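Count residues from 1 along the sequence. Fair warning: this is a prediction, and the values are worked out from it, not measured in the lab.
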Amino acid sequence: MFEIKENTLNINDYKYLRSSVNWKKLSIEQMEKALANSIVTFCAYDGNKPIGMGRIVGDGAVICYIQELVVDPAYQQSGVGRALMERLIGYVEGLRMENTELMLCLMCAKGREPFYEKFGFIGRPTESLGPGMIMYLNDK
């Protein structure tokens with residue numbers, strides 16, 4: 001059994017969970033700023049052990065992004081990802097002002113699309129939406 005807590009994600013747990021899925025290493029300063037500038041974070045725990053996390057960024061009125069959704073590989077396929085997604089989507093729905101539309105976006109790893117489609121996300125491009133795009137800024 002696991003428990004999900006709001007805004008308890010700390011740098012050590014963030015670093016651990018990112019490394020558990022072999023994501024790029026971030027500096028301490030990047031992690032501090034990323035967490036501080038999040039609209040909300042959710043962290044799943046098995047006892048005191050972090051086993052998953054999700055983070056929302058954006059303006060909270062027009063657009064929000066699920067910036068990260070990570071589940072420790074040892075806990076994948078156990079409902080942790082689904083529970084985190086439900087919390088993230090529910091939180092953003094709570095931000096939406098009456099009679100408005102709020103976009104909730106994400107970029108997922110290749111092959112993970114079916115997981116997100118279960119929650120109503122659609123792939124781009126579509127007939128009316130162009131492809132998503134990205135640019136990496138670095139020192140090269």
Under the side chain to side chain donor-acceptor pair (under 3.5 Å) test, residues paired with S38 that sit two or more places apart: R55
Side chain to side chain donor-acceptor pair (under 3.5 Å) partners for Y65, two or more places apart: none
Is there a path of hydrophobic side-chain contacts, each under 4.5 Å between heavy atoms of I, L, V, M, F, W or Y residues, that connects [X] with [Y]?
X	Y	result
L17	I56	no
V71	I89	yes
L9	V57	no
L69	M31	no
L106	V80	yes

Hydrophobic cluster (4.5 angstrom, side-chain heavy atoms) - remaining members for L129: I122
Whichever hydrophobic residues join I134 through chains of side-chain contacts under 4.5 Å: M107, Y136
Selection [range] - residue pairs positive for side chain to side chain donor-acceptor pair (under 3.5 Å), sequence neighbours left out:
range	answer
residues 91-108	E93-R96
residues 77-88	none
residues 117-128	none

side-chain contact (heavy atoms from CB on, under 4.5 Å) assessment of Q67 paired with N37: CA-CA 11 Å; Q67 186 55 41; N37 288 330; over 6 Å; no
Stepwise side-chain contact (heavy atoms from CB on, under 4.5 Å) test for M103 and C64: CA-CA 6 Å; M103 289 184 291; C64 288; over 6 Å; no
Counting only pairs under 3.5 Å, give me each side-chain donor-acceptor contact of residues 46-53, with atom names and distances, residues two or more places apart or in other chains.
residue	atom	partner	partner atom	Å
D46	OD2	Y75	OH	2.7

Considering all heavy atoms of both residues, which atom of [X] and which atom of [Y] are nearest to each other, and what is their separation?
X	Y	value
I4	A83	CD1-CB, 3.6 Å
C43	T8	CB-OG1, 4.0 Å
V92	L104	CG2-CD1, 4.0 Å
I63	C105	CD1-SG, 3.8 Å
L102	G60	CD1-O, 3.9 Å
P125	P131	CB-N, 3.7 Å

Pairs meeting criterion ring pair (Phe, Tyr, Trp, His ring centres under 6.0 Å) with involvement of residues 12-48, two or more places apart: none
Ring pair (Phe, Tyr, Trp, His ring centres under 6.0 Å) contacts in which one or both residues fall within residues 113-132, not counting sequence neighbours: F115-F119
Salt bridge (Lys or Arg N to Asp or Glu O under 4.0 Å) contacts in which one or both residues fall within residues 13-27, not counting sequence neighbours: R18-E68
Interatomic spacing from CG in N7 to OG1 in T41 - rounded to 0.5 Å: 4.5 Å
Counterpart residues, side-chain contact (heavy atoms from CB on, under 4.5 Å), relative to D139 (two or more places apart): none
Donor-acceptor contact present, side-chain E29 to main-chain S27, <3.5 Å: no
